[in-house]
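To start, the structure under review is shown below, and the notes come after it.
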Amino acid sequence: MRLRTSIIAAILTANLTITLACNIGSSEKQGAEQPANPAQPSPEIPVDDALCNNPLYPVRPGAAWTYSSTGSPSGDFSYTDTISEARADGFTLSTQFTGLVRTQEWVCEPGGLKALEMGGAGAAASVSTQGTTAEFESSDVTGISLPKEITPGMQWQYSLKMTGVTAMPGDQNAQSSGTYNQTMQEMGRESVTVPAGTFEAVKFQATSLIQLTADFQGVQLPVTMYSSSLIWYAPGVGFIKSVENSDFGGTPYTSTTELQTYNIP
């Protein structure tokens with residue numbers, strides 16, 4: 001039983017690391033390096049009335065950000081996020097890993113930006129590692145991912161349902177379903193230095209809870225993952241850093257993701 005739980009835990013952890021970073025290897029597609037000038041605090045940046053405009057996340061076709069992550073259970077890796085398509089009411093975010101490209105659809109609402117899935121082609125989030133493939137589909141998405149207007153101390157929620165299949169070596173599959181819930185809160189402004197530069201950033205605290213039940217060879221296995229993260233966004237630039245502390249099955253870890261380069265047309 002412990003072995004089965006460990007296998008599923010490792011698969012889910014690898015998947016979440018890709019989707020949330022949200023989450024394997026060095027990125028092949030790099031954003032063009034651009035000197036970073038210190039950004040102004042978000043209160044000094046006007047909020048545009050266009051639906052997809054967000055002071056903390058520039059939604060522009062071709063905008064690209066390259067990140068490096070360390071400390072994850074999946075090991076150290078790099079990846080590049082690119083807005084591959086922008087529409088009046090949403091956009092497509094493509095993430096390039098070594099030998100793997102994932103897409104994630106977002107919608108723009110009056111209240112802000114909302115991810116419709118945790119990542120992956122179409123409605124599925126997937127990852128292959130050590131001969132194992134895990135795929136998850138998202139549904140019943142509620143809340144907002146990043147509000148358009150953020151006030152001091154503001155708090156908001158985002159949640160979705162997950163269903164998936166884990167294809168393991170030996171033609172064995174594990175069905176799984178559950179929920180993902182996240183609470184975000186604004187924690188003030190501070191200067192943050194990453195490889196891409198020094199920025200005056202908005203700091204957030206995020207707490208996330210994933211609760212899944214996996215059916216492996218007829219055995220129902222509950223899988224729970226809790227994480228608490230500090231996340232920084234620079235006005236006019238986007239996500240620049242996160243430090244995530246997670247506990248998965250009693251095993252804690254800390255992973256750090258930092259912006260390496262960016263190019264915003």
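In this structure, OG1 on Thr179 lies 8.5 Å from CG on Leu160, to the nearest 0.5 angstrom. Distance check: Phe199 CZ to Ile240 CD1 gives 5.5 Å after rounding to the nearest 0.5 Å. Note that NZ of Lys161 is 14.5 Å distant from CD of Glu137, once rounded to the nearest 0.5 Å. Atom CD of residue Glu186 and atom CE of residue Met154 lie 9.5 Å apart, to the nearest 0.5 angstrom. The CG atom of Leu230 sits 6.0 Å away from atom CD of Gln205, with the distance rounded to the nearest 0.5 Å. Rounded to the nearest 0.5 Å, atoms CG (Leu56) and CG (Leu113) are 9.5 Å apart.
Side-chain contacts under 4.5 Å among hydrophobic residues (ILVMFWY), followed directly or transitively, place Val107 together with Leu116.
Side-chain atoms of Thr207 and Ser228 form no donor-acceptor pair, as typed in the model, at a separation below 3.5 Å. With hydrogens and angles left out, the side-chain atoms of Glu244 and Ser246 include a donor and acceptor closer than 3.5 Å.
Considering all non-hydrogen atoms of both residues, Gly238 and Pro58 come closest at N-CD, 4.0 Å. Of all heavy-atom pairs spanning Gly71 and Ser255, the tightest one is C-CB, 3.9 Å. The shortest non-hydrogen separation linking Ala88 to Cys52 is O-SG, 3.5 Å. Contact between Ser145 and Trp156 at its shortest, heavy atoms only, is O-NE1, 3.4 Å. Considering every non-hydrogen atom in both Ala115 and Val141, the closest pair reads O-CG1, 3.5 Å. The minimum heavy-atom distance between Thr261 and Ala196, with the atom names listed, is N-CB, 4.2 Å.
With Asn53 contributing its side chain and Val59 its backbone, the two residues share no donor-acceptor pair below 3.5 Å.
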Checklist entry - Going through the checks in order, is the side chain to side chain donor-acceptor pair (under 3.5 Å) test met by Ser94 and Thr103? => result CA-CA 4 Å; Ser94 298; Thr103 61; 5.8 Å; no
Item to check | Residues Ser208, Gln182; criterion side chain to side chain donor-acceptor pair (under 3.5 Å); working and verdict | outcome: CA-CA 4 Å; Ser208 304; Gln182 182 181 68; 3.3 Å; yes
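A 4.5 Å side-chain heavy-atom check between Ile144 and Glu109 finds at least one atom pair inside the cut-off. Tyr57 places none of its side-chain heavy atoms less than 4.5 Å from the side chain of Trp106. Within the 4.5 Å cutoff, the side chain of Met162 has heavy atoms near those of the Leu212 side chain. Here the side chains of Tyr158 and Met184 are not in contact, with every heavy-atom distance at 4.5 Å or above. At a threshold of 4.5 Å between non-hydrogen side-chain atoms, the residues Arg60 and Ile83 do not count as touching. You'll find the side chain of Leu51 reaches within 4.5 Å of the side chain of Pro110, heavy atoms only. By the 4.5 Å heavy-atom criterion applied to side chains, Asn181 and Gln157 are not counted as neighbours.
Residues Leu93 and Ile264 share a single hydrophobic cluster, defined by chaining ILVMFWY side chains whose heavy atoms lie under 4.5 Å apart.
Of the candidates Phe239, Tyr262, Phe77, Tyr67 forms a side-chain contact (heavy atoms from CB on, under 4.5 Å) with just one, namely Phe239.
The aromatic rings of Tyr233 and Phe204 stand perpendicular to each other, their planes meeting at an angle above 60°, with 30° marking the opposite boundary.
The side chain to side chain contact (heavy atoms under 4.5 Å, CB included) test applied to Thr256 returns Thr70, Lys241, Val243, Glu258, not counting sequence neighbours. For the side chain to side chain contact (heavy atoms under 4.5 Å, CB included) test, residues two or more places apart in sequence or in another chain that qualify with Ser191 are Thr198, Glu200. In this structure Thr142 satisfies the side chain to side chain contact (heavy atoms under 4.5 Å, CB included) test together with Ser159, sequence neighbours excluded. Scored by the salt bridge (charged side-chain N to carboxylate O under 4.0 Å, His left out) test, Arg87 finds Glu85, Glu105 as partners (sequence neighbours excluded). Residues that satisfy the salt bridge (charged side-chain N to carboxylate O under 4.0 Å, His left out) test with Asp89, not counting sequence neighbours, are absent from this structure.
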